[in-house]
Structures are given as structure tokens and as C-alpha cells.
Protein chains: 2
Amino acid sequence: MTRNRKMTEDNVMTIREMCDTFEVTPRTLRFYEAKELLFPIRQGTKRLFTRRDRARLKLILRGKRFGFSLEEIRQLLDLYNPSDEQGTQLAKTYELACQRLADMERQREELDEAIEELRNRLAWGEEQLSALKSKEAAE
Amino acid sequence: MTRNRKMTEDNVMTIREMCDTFEVTPRTLRFYEAKELLFPIRQGTKRLFTRRDRARLKLILRGKRFGFSLEEIRQLLDLYNPSDEQGTQLAKTYELACQRLADMERQREELDEAIEELRNRLAWGEEQLSALKSKEAAE
DNA sequence: CGTTTCGTTTACGTTCGCGTCAAGCATTGA
DNA sequence: TCAATGCTTGACGCGAACGTAAACGAAACG
């Protein structure tokens, strides 16, 4: 056999290594697997997470920060998947991704607006605070 | 009395008008009131939503789209509130808003990244699709 | 006058995204 | 060999954000 010493199964991670790397719990990773968001290799009873799983998890966590549900994220992940989809399936996925892109661009516009507004309110807040301070000083 | 004809309580809306305008259910509005996100006037038993409630609801719905929890949103709303807060309270609100702003700016960067990546995948998807089409044509 | 039409409260139900045991196998080190 | 450690599979629990059904009050309309 060409491989010795622990087989060095290249580039896979145990569940604990995953948890430490991404700051999630084992429960979360198993939950995502149950929801078909991740597909770790099963070596005997244990899970081994590949490069692909890591990439997917990154996208999952990002999606969550954008307020997407796990189901929405799952559908998006299919797009990033070098899968063996046939014509109609591929077309459907493509369609879906276009919509998500539109969603995200709308969301960005809103986000810009919201940031702008919040900046204004913060400026107003600073005024209030400094006004209060000078009033305090006057006593 | 200076007012006749239905009192035209200027600029308030019934719960139904609110629902139609913002595409939410009555339950949702009552729920938000219970959580102290909205404060409609009570005329007898009924609720009347003011301009202020409408502005707040708009911010609530926006916040939700950004993935904020109702509690986080409630705290942010205090900032937009021409409230009678005292020094320490105002300072706390200000502090919190700064953090949220930072959150949103980080989210914006991530969003840009995500949009960029999704665009790339879409381009890749188009290739696949056109490849499939020419293959079909060849048969 | 009765009966729809709104609105209300109360309260239990539901879905999502995990947390938290309990009980069991499996490797590992003393 | 034996206990500790790590990972596993259920299974139940939980907070958030509402849905939904029951039972009632008030106003509006023919």
C-alpha cells in the first residue's frame, strides 16, 4: 500500500475541528446534515467533513447573516454545486439564482438607505449628547 | 365644535388599512404592539395607528429583511424616537446604534462579495446551458 | 330589528433553528 | 484491562414570530 501512517485522508476534518474553525456546535452540523445542507463522509460511525463541506458551511453562515432561511440557503447551495443536473433542472436552478441575485441587489439598495439614515440619526444623537454635556457643565 | 362629519381624526389608520398597506396580518400588528414596537391609540376598544406607527412599522419590516430580531429592532427604534431619554439612557442607545451601524456596514461588504460570487456562478450557469443547447441541436 | 362586518381578547398550536439530556459504541492512554 | 474521552443517535425542550380558532362587543346596513 502506498499510504502509511494514519492514511492522512487528505484534507478532511473531524466534527470538533469544524466546530472550532467555524464556531458552531456539533448539533448544528448534524442538523445541517439532516437538512441536506452538508454531506460529510461517514468513516465507520464518524463524520469527516471535506473541503466541499467547508465551502458550503461558509455560504450557509453567510446566508444566515443575510436573513435567509435554511431552506432558501439549501436551494442556493445547489447552484454552487458542480452537480450532475440535467437540462430542465439546471434551468430551474439558474432561474432561481437570478431571482436571488435580484433580491440581494434590492437588499443592498435598502441597506445603503438604512445605513445613510442611521448615520443621520447618529449625528443627531451626538448633538443631543453634547448639548447635554454643556448643560451639565453649566451647573 | 370645530369639527363635524366623522371627526376626521387626521391621519390615523384602522388595523385593516394598515394590513392592506403593509401586507401584514392583524395578528402581526397586535403582536408588535404587545412587544412594544408599536403604540396605536385606543379609541374605545379599537386601535388607531398614527403616522408615527407607520414610520416605525416600515423600519420594523426593513429590519426583518436584514435579519434583525424584533428585540434588536425595538432597541434601534428607540433611537429614531424623539423620546425624553436622560443622559445615560441616550448614551446607551447611541452606543448600541453605533454597533448596529458597524454590523450593517460589515453586512454590506459581505453582501457585495456574495453578489459578485453569485454573478460569477450565473455566468458559469449560462455556459452550461448554452453548451447543452448546442448539443441538443446536434442531434 | 336582526344580521353581517370589523374588531377585540384569550389561548392553544405551529414552524424554525437549534439546545440539552440520555444511552450507547469505539478508540485511546494509563 | 479499565476508565476516560469523543462521537453517535434518538428524543424532548425551547424561544421567536407568528397562525388559528373560540367567543364576544360594537357599529353599520337593509
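Below, chains carry the letters A, B, ... as their sequence lines are ordered, and counting in each starts from 1.
A salt bridge links A/E113 with B/R62: the distance from a Lys NZ or Arg NE/NH1/NH2 to an Asp or Glu carboxylate oxygen falls below 4.0 Å. Salt-bridge annotation for A/E36 and A/R74: absent, with no side-chain N of the basic residue lying under 4.0 Å from a carboxylate O of the acidic one. One finds a salt bridge joining B/D103 and B/R106 here, because a Lys/Arg side-chain nitrogen approaches an Asp/Glu carboxylate oxygen to under 4.0 Å. Using a cut-off of 4.0 Å between Lys/Arg side-chain N and Asp/Glu carboxylate O, A/R108 and A/E105 are scored as not salt-bridged. Of the charged side-chain nitrogens involved, at least one lies within less than 4.0 Å of a carboxylate oxygen, so that B/E33 and B/R42 count as a salt-bridged pair.
For the residue pair A/E71 and A/Q75, a side-chain donor N or O sits within less than 3.5 Å of a side-chain acceptor on the partner.
The side chain of A/Y32 contributes no N or O atom lying less than 4.0 Å from OP1 or OP2 of C/dG17. For C/dG17, the OP1/OP2 oxygens have no side-chain nitrogen or oxygen of A/T28 closer than 4.0 Å. Side-chain N/O atoms of B/R47 include one lying less than 4.0 angstrom from OP1 or OP2 on C/dT8. For D/dG6, the OP1/OP2 oxygens have no side-chain nitrogen or oxygen of A/T14 closer than 4.0 Å.
Two residues, B/F49 and A/T25, neighbour DNA chain C, and the one matched to the more 5' nucleotide by heavy-atom proximity is B/F49. When each of A/T45 and A/R27 is assigned the nucleotide of DNA chain D bearing its nearest heavy atom, the one mapping closer to the 5' terminus is A/T45.
Atom pair B/Q43:CD and D/dA26:P shows a separation of 14 Å (rounding to whole Å applied). As a whole-Å value, the separation of A/F31 CZ from C/dT20 C1' is 15 Å.
Against DNA chain D, the stretch residues 53-70 of chain B makes heavy-atom approaches under 4.0 Å through B/K64, B/S69, B/L70.
If you check every strand for non-hydrogen atoms under 4.0 Å, A/R30 touches a base.
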